[in-house]
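Below: the structure, in structure tokens.
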Amino acid sequence: MYVYLSIDGKPKYVGYGESPTRALSHAEESHNDALREWLRKSKFSLNIAGPYRDEAEGKNVESALITSIRPEFNKSLGDGLKFVPLGVPPELGERPSLIPISVAEMGIRTEGVLIVYLSPGEFLKDGRPKFDPTDIDDEVILRNMDRAWEIGKLIDRWSADPASSPRHLVGVYGTNPAHRFIVGCVPIEVEGWGDPALHVYGSRWRVPVKDSPKLDACQLRGIRVADTKFGHMSWQLHIWVDKSGALIHPQPTIARAR
């Protein structure tokens, strides 16, 4: 099992085959028209790695190369393990390569969304473990997402008119706004807003989420986020966007930096 790389100044194509002759014959056999024409007309360097012990190992190397160097002519990310942002499940490896989603589009796609910021570290103030991107635990992620947010001023509004309240809860992770991604999206039980059992203390409340073991409602988990900005105050660590994509909280005029 071999992996080969075609280079013309920069990487152009990564492939996989059972023998070195697969790389040499690719120009004639490829169903990728653009690649086939480039291979026939261009002067390029052909590099090969292997042999690998089995098909799984070879495909893992192929996918890792494709997702790290993004060759021009690779239309698929391969069938093996991929480079993904730390914290994205391997089975969702293609999600980070999709076009980043904006806050407005997130609101439209979810029919209204409450976006919360999951900060890095080991433990929250109440002792709960924080999300660890090196050890993905869906239960930890969910418990980081659903509590305990300073949404007391919004609870009355949502409980009085559940139809206009957020219908999904999204957790966003990443200290750098340019490299944030969605770690989970779960539906909200909108009739549960204001349930006394969800009150934590003061103006802090839990979000009445529905069971969603895969944290992938609306197929958002793992997708990069284009424009989330959070403030340093506790009431600025969540964003409410309605189903039309309009930012409702915090108000757009309030400076946010995180």
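It should be emphasised that the depicted structure is a prediction, and the values quoted were computed from it without experimental measurement.
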If hydrophobic clusters are built from ILVMFWY residues whose side chains come within less than 4.5 Å, do [X] and [Y] share one?
| X | Y | value |
| --- | --- | --- |
| W235 | L124 | no |
| L215 | L92 | yes |
| L65 | F83 | no |
| L237 | V140 | no |
| I182 | I108 | no |

Could you label the plane-to-plane angle of the Y13 and Y4 rings as parallel, tilted or perpendicular, counting under 30° as parallel and over 60° as perpendicular?
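Because their plane-to-plane angle lies in the 30° to 60° range, the rings of Y13 and Y4 count as tilted.
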
So, taking the atom named [atom1] in [X] and the one named [atom2] in [Y], what distance separates them when rounded to the nearest 0.5 Å?
| X | Y | atom1 | atom2 | answer |
| --- | --- | --- | --- | --- |
| K82 | S68 | NZ | OG | 12.5 Å |
| E62 | E55 | CD | CD | 10.0 Å |
| D156 | I151 | CG | CD1 | 11.0 Å |
| D146 | I141 | CG | CD1 | 12.5 Å |
| Y173 | Y117 | OH | OH | 7.5 Å |
| K210 | E189 | NZ | CD | 5.0 Å |

For the student: nearest non-hydrogen atoms of A104 and V241, plus distance
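In terms of heavy atoms, the two residues are closest at CA-CG1, 4.3 Å.
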
Name the residue from H168, H238, H249 that meets the side-chain contact (heavy atoms from CB on, under 4.5 Å) definition with L114.
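Single pass found, and it is H238.
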
With the threshold set at 4.0 Å, does a side-chain nitrogen-carboxylate oxygen contact exist between [X] and [Y]?
| X | Y | value |
| --- | --- | --- |
| D138 | R221 | yes |
| E105 | R109 | no |
| D216 | R95 | yes |

Under 3.5 Å, is there a donor-acceptor pair between the S119 and K130 side chains?
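There is such a pair between these side chains.
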
As a quick check of understanding, evaluate side chain to side chain contact (heavy atoms under 4.5 Å, CB included) for F73 and K12, giving each step before the final call.
CA-CA 6 Å; F73 293 112; K12 293 291 188 175; 4.0 Å; yes

Apply side chain to side chain contact (heavy atoms under 4.5 Å, CB included) to residues R147 and R204 and explain how you reach the verdict.
CA-CA 8 Å; R147 68 182 84 165; R204 291 183 177 269; over 6 Å; no

Supply the members, apart from V200, of the Ile/Leu/Val/Met/Phe/Trp/Tyr cluster built from side-chain contacts under 4.5 Å; use none for a lone residue.
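Besides V200, the hydrophobic cluster comprises Y201, listed by chain and residue number.
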
Check: R206 side chain, H199 main-chain N or O, donor-acceptor pair, under 3.5 Å
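Pair absent, no side-chain N/O of R206 close to backbone of H199.
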
Counting C-beta onward and ignoring hydrogens, is there a side-chain heavy-atom pair between S165 and I188 closer than 4.5 Å?
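No; the side chains remain at least 4.5 Å from each other.
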
Is there a side-chain contact between V116 and I239, using heavy atoms and a 4.5 Å cut-off?
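V116 does not reach I239 side chain to side chain.
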
So that I know where these two stand, are W205 and W158 an aromatic pair - ring centroids less than 6.0 Å apart?
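Between W158 and W205, which both carry aromatic rings, the centre distance is not below 6.0 Å.
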
